[in-house]
J.: 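Pasting in a structure now, in structure tokens, and then I'll have a few things to ask.
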Amino acid sequence: MSELRILTAAVHQEEDWFIAQCLEVDVASQGASIAEALGNLREAVELYLAEVPEAEITATPLVTSFQVPATAA
């Protein structure tokens with residue numbers, strides 16, 4: 001059995017689509033739902049790594065949150 005690699009995805013919504021981007025590999029995909037976007041991203045990353053076996057996989061970045069003052073609209 002092959003070793004599994006854990007990668008990180010950032011997901012955001014643009015109109016009717018969810019966009020999923022892998023943070024360790026420069027690959028993104030989309031879907032009508034978060035689950036579909038992540039499934040499509042998984043497939044896209046698998047295909048990318050199969051085509052580019054020497055692909056650079058960067059370290060997982062620290063993902064955190066921070067606060068800024070709310071502005072009046």
Side-chain angles (χ1 to χ4, degrees):
M1 181 177 203
S2 65
E3 179 181 333
L4 292 178
R5 179 177 285 149
I6 297 174
L7 300 174
T8 311
V11 181
H12 69 276
Q13 189 171 7
E14 291 184 11
E15 297 182 9
D16 294 336
W17 294 99
F18 289 92
I19 311 301
Q21 179 178 5
C22 180
L23 300 181
E24 294 85 2
V25 181
D26 191 22
V27 175
S29 193
Q30 66 183 23
S33 67
I34 292 173
E36 183 179 347
L38 290 171
N40 291 342
L41 179 62
R42 181 180 300 108
E43 182 179 342
V45 169
E46 287 175 1
L47 291 170
Y48 174 76
L49 294 176
E51 290 293 320
V52 185
E54 299 297 319
E56 180 179 344
I57 299 175
T58 61
T60 301
L62 170 65
V63 178
T64 187
S65 61
F66 61 95
Q67 296 179 342
V68 296
T71 58

J.: So which atom in L41 and which in A9 form the shortest heavy-atom distance, rounded to 0.1 Å?
T.: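 Minimum heavy-atom separation between L41 and A9: CD2-CB, 3.6 Å.
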J.: Got a donor-acceptor contact below 3.5 angstrom from the E51 side chain to the P53 backbone?
T.: no
J.: Following the transitive rule for hydrophobic clusters with a side-chain heavy-atom cut-off under 4.5 Å over Ile, Leu, Val, Met, Phe, Trp and Tyr, establish whether V52 and V45 coincide in one cluster.
T.: yes
J.: Enumerate donor-acceptor pairs with a distance under 3.5 Å from any side-chain N or O in residues 25-35 to protein atoms, sequence neighbours excluded.
T.:
unit_1, atom_1, unit_2, atom_2, d
S33, OG, E36, N, 3.0

J.: Which atom names give the shortest non-hydrogen contact between A37 and A20, and what distance separates them?
T.: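 The pair with the smallest heavy-atom distance is O-CB, 3.8 Å.
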J.: For the atom pair CD (E24) and OG1 (T60), what is the distance rounded to the nearest 0.5 Å?
T.: 3.5 Å
J.: Within the 4.5 Å heavy-atom criterion, are L7 and I57 side-chain neighbours or not?
T.: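 Result yes, sub-4.5 Å side-chain heavy-atom pair found.
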